[in-house]
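Step one of this worksheet: look at the structure below.
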Amino acid sequence: MWALSRFFNKILYLLQETGLGLRRGGWLNWAAVSTLLVLLFLVGISIQLSWGVDATVQSLGGQLEISVYLEPERQAVDLQPQVTQLPHVAEVKVITKDQAWRTLLLEMGIEDEEAIQTQLGDNPLVDAMRVKADSTEALGEVAAHLRQLEGVDQVYYGDQVVQQLAQIQEMLRLGSLGITGVLALTAVAVITTTIRLIVMARRREIEVMQLVGATAAWIYLPFILQGCLFGVISALGAWGLVLGSQQLLQELLEKLIAFPFLKVIQADSNQLEFWFLPLMLLGMGVFLGTSSSLIAVRKSTSR
Amino acid sequence: MWALSRFFNKILYLLQETGLGLRRGGWLNWAAVSTLLVLLFLVGISIQLSWGVDATVQSLGGQLEISVYLEPERQAVDLQPQVTQLPHVAEVKVITKDQAWRTLLLEMGIEDEEAIQTQLGDNPLVDAMRVKADSTEALGEVAAHLRQLEGVDQVYYGDQVVQQLAQIQEMLRLGSLGITGVLALTAVAVITTTIRLIVMARRREIEVMQLVGATAAWIYLPFILQGCLFGVISALGAWGLVLGSQQLLQELLEKLIAFPFLKVIQADSNQLEFWFLPLMLLGMGVFLGTSSSLIAVRKSTSR
Amino acid sequence: MISQHLSYKPRFHSSWTAIASPPTLPTQPDPGGSLGFYGSSQTRATQAVNSMVSLRGVSKVFPNGSLVLRDVDLEVRPGEFVFVTGVSGAGKSTLLRLLYGAEQATRGTVVVDQVCLFSSEGRRPYRIPPRPLAMLRRRLGVVFQDYRLLANRTLGENVAFVLRAQGLSPAEIRRRIGPTLKMVGLTEKRDRFPHELSGGEQQRLSLARAIVNMPVLLLADEPTGNLDPENSLLVLQILERLNSFGVTIIMTSHDPYLVERAGHRVVRIEGGHLYDMR
Amino acid sequence: MISQHLSYKPRFHSSWTAIASPPTLPTQPDPGGSLGFYGSSQTRATQAVNSMVSLRGVSKVFPNGSLVLRDVDLEVRPGEFVFVTGVSGAGKSTLLRLLYGAEQATRGTVVVDQVCLFSSEGRRPYRIPPRPLAMLRRRLGVVFQDYRLLANRTLGENVAFVLRAQGLSPAEIRRRIGPTLKMVGLTEKRDRFPHELSGGEQQRLSLARAIVNMPVLLLADEPTGNLDPENSLLVLQILERLNSFGVTIIMTSHDPYLVERAGHRVVRIEGGHLYDMR
Ligand SMILES: Nc1ncnc2c1ncn2[C@@H]1O[C@H](COP(=O)(O)OP(=O)(O)OP(=O)(O)O)[C@@H](O)[C@H]1O
Ligand SMILES: Nc1ncnc2c1ncn2[C@@H]1O[C@H](COP(=O)(O)OP(=O)(O)OP(=O)(O)O)[C@@H](O)[C@H]1O
Ligand SMILES: [Mg+2]
Ligand SMILES: [Mg+2]
């Protein structure tokens, strides 16, 4: 009973002490929270953006096709089932040489049906297929497979544009990864600094606490709780900002360019994916806040 | 003479005081410098990256052409000078209907010279021009101009890929602008906080200085000099990091993807452009450092 | 050594006092009568000659409502040595703080060395602006009750500090520090930091800092509180020597024996009132 | 009111002292002779009963080379009242700091309330680990020469602080603060902050904080330095009342009259040596 009440007193003390620290800390708290918030926000936005760009490039890449030209006299429909079963193949479209010739002639402005019929006899074309891959990266692999098929004469896929698109995507991925990493490092540095400054600002107090017989845990737990709290608050704030700016970005994009990049926003709260970002931000915030205060406090532990 | 020596003494005092502050400040200085450095570095890298992407998309966009089909019986060479003089037109290539037909037939596998000659007589095609614009954005404008020319039948430019490319570029530009803005704000917040903390840590000292008759300028100038110095050091460090990471990024890109994005690096120290980034970083660092210490100091000026 | 800075001349200068033109001692009836507010300069001049500190009807109420001084009058002539006594919490430190501008009176007029720090006369209270206040403080020396040493500067730097704040040359500063530290017996500890000193040594350092710039008025708040009788006497002797050079000294003390022994003028604060004891 | 926490029992407990097993008082010749280092527990037990503080051959040299104490021996029995005197800078504060573990001796053995704080006997010097030190400090009360108040806590919180550090319930803490503040005459200023107090009031607050947890040993460093004679006497009376309840008191003072009047044991530090004066 006595032990329990003592334990309860201790918990109460820790909470009160943390509360007191927050109240008396004044703008020092805001410094810590705002820094952490801005950094978490940047991380969140960059993750969102990299997801969005990924999805966008993905959908763009999906529109790129591989053109397969068969040897003369080969029928595309014969090969179609074989091609469909290849890995990473998303869609196969058959274009017979008649279709192709008709289209060509029409494009050239020969609209006279009779002339077309005449020309069809001289059709110099071959059967062809348009194959779509399920991702931009898989194009090369699919093309390689196609080349090995019997009856395939030529395989064209991608021109410079396609290649450069893939490269842009790669670059974006690298960039966002790098920025996220650098930002995380900055976050740790800034919070550690801030909390160490808070500890330093209360150095005299800590000194006196030690002199009247408080143990290290007793002295430093409130600081660590405080750091943890900073993390939680910042994460919540950052998530709010991310949601807000998403909306804004979306609206801006829709106004500025005709084509809506629907992939930028993913606001379906029933999906598991929707909860991934806030949970990640929360985890990151708490981790950064707590571990930073631990680092800050560790440095000043002496008697 | 007396006034001069007094002035000299004052300058000396300010320098010594700044030096003393730096020496005694210990890791507080490092906190300020490292924060500023990281933020300047991020700004620098994001500017570099946005330049690089701009240039890349530009060069990519430059490869996109507008196809102009003339009315039958019109000669492309007649129109060429007129087209060349249109604004934003970078290059005009004429394709006569004979050339086009020949190419088409060759592509279709008809390599028999005689057959070609026969077919040429039946050439159903028209003269065409390929027009390059000097930037991706100008494509639309150029196309609109071309459509109004007499003798032009059809103008095709860009497919979905071209449009999406332009949109990606727009998005990137927006993103990098936004990130730069947010980072600048963070920088101001963090440095102000840090310098205010330094002032706070020396609050007792400032109090005593005021009590023994030091004027406000006398007390605060060393802090402002210190902030300025932080800016200079951080800017230099950030530039070094930008140069270093550029090298790294370049190498990485060259290894990862076959096509070297030469536009990412611009290391020609004879060019004026090369000095733009360091000068900008320096200016930004000094401005942020100085104005942040001014803000920090302003808040604590009282008697 | 000390005497060389000590050729005492009463100061009539204060070009900036003229510029700031504070309301000057309006409690004194204007002899001209018709000259009005700005015409009372002659009154001020006569006043200035025979008064280093002049408090007229000064009251001090702290924001939390505690009334520390009520309607206090005090005149200290240049060259006087005044002890301020009173029980703990009587308001001695508060009185001194009014004189060096760390606290502001609630009512009344405070004039130090011909500079008006505060006056509730006139349409609205006048308070000295920061710059003239800094200039006045340069002519004062203050020993703070809690020492107020700079923790991250050595003894020598702590003393030099006051002189540097006035833009003296490093050579001149070096020349002055030695004798001053010697006077309070801290020569060997010149390069130590305050936390490496005993309580009494810190107190003596605070004294050294107050006298290094040869003030015209020295305000010493309990400068012997942490000193043994011998050292207390030594401090008293230092102050008396300064006084003999013409420096006006106002000192608070709890030590009745020291006050007795010195034989100077004594004022006592009790219940917010100031009583002249001797 | 005070007496209710005061049923003094000499403490024989210290379960952790046994665990930490510090080298205990090896300067005392071991009566068993053959038991060696860890066998001297009996010596310690006898020692413990009749000594609250025990310094044996203690020297203190600061890192900057200043030798403050040389080969000092001091025994203080439980319930004693000891004055420590000496000129400013003699080493009085340093002596007390050795007792509450803020400084570490250079040589010798320091034992307080049966806990060994430092011993240079044994193969390498023993120094008390942080946790036992914290536990010892909870049984001590210290009045610091520079007060060491927490600037951003009210008077009440400053005093409560010590009790909260030990995990007492808020109700219990509230119950104890009132009488303690009353004893030093600060009841009305309970909700003020330290900077709103006069020097003497701060000193009394420091005393209140030292005695609120009913220490077995009270170390008071110059607790009357900023107090007028009446208040000094009051403080002395408080300390004597505590002493009459069995609290051991070691107090430094510069005031020869106070020391004279009290009539307790007096030790004097001079030239690093400790002399028993009375
Ligand atoms: N900033 C403040 N706010 C509120 N009350 C204050 C403030 N400063 C001082 N006081 C109160 O004014 C009274 C006088 O304080 P002061 O410091 O002048 O006393 P003192 O005579 O110097 O005492 P001591 O001898 O103990 O130093 C005290 O009761 C104190 O509590
Ligand atoms: N941390 C330290 N480093 C170096 N020297 C120190 C340190 N602390 C104290 N000293 C020196 O040790 C000597 C004794 O100091 P101490 O504080 O014990 O004196 P004291 O007897 O308490 O004097 P006072 O009566 O003035 O308080 C002094 O000469 C002081 O300069
Ligand atoms: Mg006082
Ligand atoms: Mg001492």
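Quick caveat: nothing in here was measured; it's all calculated off a predicted structure. Just so we're on the same page: letters track the sequence lines, and every chain starts at 1.
Between D:Ala134 and A:Ala214, the closest heavy-atom pair is CB-O, 4.0 Å.
Heavy-atom pairs under 4.5 Å with chain D were tallied for A:Leu211, A:Val208, A:Thr215; the largest tally goes to A:Leu211. Taking chain A as the reference chain and counting heavy-atom pairs below 4.5 Å, the highest number among D:Arg138, D:Arg131, D:Arg209 is found for D:Arg138.
Dense packing is recorded around CZ of D:Phe62, with more than 12 heavy atoms of other residues, nucleotides or ligands lying under 6.0 Å away.
In this structure, the side chain of D:Arg137 engages the main chain of A:Gln210 through a donor-acceptor pair within 3.5 Å.
For the atom pair CD of A:Glu205 and CG of D:Asn152, the computed distance is 5.0 Å after rounding to the nearest 0.5 Å.
In this structure, chain A has heavy atoms under 4.5 Å from both the backbone and the side chain of D:Arg148.
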